[in-house]
Amino acid sequence: MTSASAQDRLAAVHAEVVRRNPAEPEFHQAAREVLETLAPVLAARPEVAEAALVERIVEPERQVLFRVPWQDDRGRTHVNRGFRVEFNSALGPYKGGLRFHPTVNLGIVKFLGFEQIFKNALTGLGIGGGKGGSDFDPHGRSDAEVMRFCQSFMTELYRHIGDRTDVPAGDIGVGGREIGYLFGQYRRITNRWEAGVLTGKGVGWGGSNARTEATGYGNVLFTAEMLRQRGEDLEGQQAVVSGSGNVAIYTVEKLHQLGARALTVSDSSGYVVDDKGIDLELLKQIKEVERGRVEDYAKRRGTSATFVPGGSVWDVPADLALPSATQNELGAEAARSLVRNGVKAVSEGANMPVTPDAVRVLREAGVAFGPGKAANAGGVAVSALEMRQNSGRDVWSKERVESELATVMQDIHHTCWETAERYGAPGDYVTGANIAGFERVADAMLAQGLV
Ligand code: NDP
């Protein structure tokens with residue numbers, strides 16, 4: 001197949017994705033971003049085209065939608081919607097987080113599940129791709145309400161998951177508290193201690209050391225690899241970080257450990273810029289213990305910190321930008337602002353936070369860009385290590401897990417770099433991540449026949 005006919009075929013696949021999945025713009029975006037890099041693979045490997053692997057990979061193996069009724073503390077009934085999209089299991093059990101946020105719909109879950117296929121393949125740890133969640137909003141809900149919601153959610157979800165089938169974890173709005181309630185209900189319904197059915201569990205009851213830290217740590221390690229490739233390191237670099245949840249907090253922590261300085265964090269109401277660098281203990285106290293807002297951080301920090309309501313955190317001058325909140329949070333205008341201020345590297349802690357237009361701006365300016373499939377894969381990698389510990393009834397030290405995480409992130413960086421070079425796109429981590437992830441899944445699908 002020539003390169004031009006490969007491109008035509010991929011465009012036709014994308015048109016079919018749009019036709020079959022109407023009103024799912026985030027899924028269309030995620031699919032386009034992968035498909036537009038695959039032409040060289042189709043051109044070089046006729047068996048991939050013959051087996052219709054691209055046509056098959058964009059269609060989830062299974063999609064589950066269900067009703068989640070629950071009662072609030074005043075006895076009022078609410079009805080939310082639950083989702084689990086089991087996208088691809090060629091490499092292992094479906095694996096991917098659950099998101100609880102009012103914006104969750106089928107298209108969001110599909111975009112996340114689709115990305116997860118390639119990310120999980122890149123880890124090399126034998127995990128398929130899936131994602132799930134609900135349009136439930138945990139903000140402002142009591143612990144008892146969150147528990148009742150999680151119990152109702154699991155009362156349906158349990159029949160679709162299992163340590164050899166599908167292994168959910170956390171994502172936006174789902175942290176240690178929610179995983180605990182979900183696991184408790186699963187254990188009660190099934191009467192089984194099946195530790196490997198969920199990851200992100202508490203360290204005292206089947207969880208892995210360093211899972212909480214893994215996504216943020218991993219993204220900083222990936223950024224360090226990108227800088228090393230350019231003959232630089234993290235020492236003395238200033239970074240803008242968005243978000244103030246799990247990924248953002250441990251991004252800040254690892255930046256500080258490696259001699260860089262995080263200047264900002266944000267939430268949906270605005271951002272904080274702290275000239276002295278983010279005070280991690282204060283941030284953890286407010287976000288992890290009190291479940292407060294970044295505005296509270298600014299009020300308690302003193303004169304070095306300012307809260308900017310609304311506004312774009314990407315206007316703060318820095319060497320590095322690590323978007324760690326949500327999809328499409330960094331657009332072309334923000335990218336131009338970062339470039340004007342001399343940014344050297346942008347690395348996605350969140351999933352798809354940088355819009356395609358913004359990626360183009362960064363690429364044209366020669367900024368190193370780490371796509372989430374590669375850069376934030378540390379979280380799911382340590383989840384896979386948690387599954388390993390669970391199946392061996394073992395507990396690994398924090399040092400051991402962190403050392404394995406560092407190796408995985410270096411391997412992913414190397415794989416992306418080397419694949420991009422091999423396919424004629426040197427330095428393009430997007431192409432490298434997409435093709436390397438795709439080839440691993442495609443080889444397994446080819447070997448396993450038409451299923
Ligand atoms: P958390 O729920 O812990 O934190 C999310 C943060 O992002 C909060 O500060 C939240 O602010 C902010 N945020 C969420 N939605 C929006 C929005 N629409 N506009 C502005 N701010 C928003 O989630 P995580 O830290 O776990 O996840 C963050 C990102 O990282 C997501 O894209 C997720 O998919 C991705 N990711 C997470 C992994 C993990 O291991 N947890 C693994 C790989 C990727 P507010 O409280 O105001 O809503």
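Order of listing sets the numbers, starting from 1, for every ligand and every atom in it. The figures that follow rest on heavy atoms only: side chains count, while hydrogens, waters and symmetry mates do not.
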Residue shell around ligand 1, heavy atom under 4.0 angstrom:
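Residue list for ligand 1: Arg99, His101, His139, Asp171, Ile172, Gly173, Arg211, Thr215, Gly243, Ser244, Gly245, Asn246, Val247, Ser266, Asp267, Ser268, Arg293, Ser324, Ala325, Thr326, Gly349, Ala350, Asn351, Asn376.
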
Grab the two heavy atoms, one from Leu280 and one from Ile249, that are nearest each other, plus how far apart they are.
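Residues Leu280 and Ile249, closest heavy atoms: CD1-O, 3.7 Å.
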
How would you list, by chain and number, every residue that makes a side-chain contact (heavy atoms from CB on, under 4.5 Å) with Asn376, sequence neighbours excluded?
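Partners of Asn376 by the side-chain contact (heavy atoms from CB on, under 4.5 Å) criterion, ordered by chain and then number, come out as Lys119, Thr215, Asn351.
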
Residues that His139 engages under side-chain contact (heavy atoms from CB on, under 4.5 Å), provided they are two or more places apart:
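His139 satisfies side-chain contact (heavy atoms from CB on, under 4.5 Å) with Asp137, Arg293 once adjacent residues are dropped.
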
Main-chain N/O of Asp233 paired to Gln237 side chain as donor or acceptor, under 3.5 Å:
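Side chain of Gln237 to backbone of Asp233, a donor-acceptor pair under 3.5 Å: yes, one is there.
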
Which pairs with one or both residues in residues 217-228 pass salt bridge (charged side-chain N to carboxylate O under 4.0 Å, His left out), sequence neighbours excluded?
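Every salt bridge (charged side-chain N to carboxylate O under 4.0 Å, His left out) pair that includes a residue of residues 217-228, provided the two are not neighbours, is Glu225-Arg228.
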
Any idea how Phe114 and Phe118 line up, ring-wise: parallel (<30°), tilted (30 to 60°), or perpendicular (>60°)?
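Phe114 vs Phe118 ring planes: perpendicular.
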
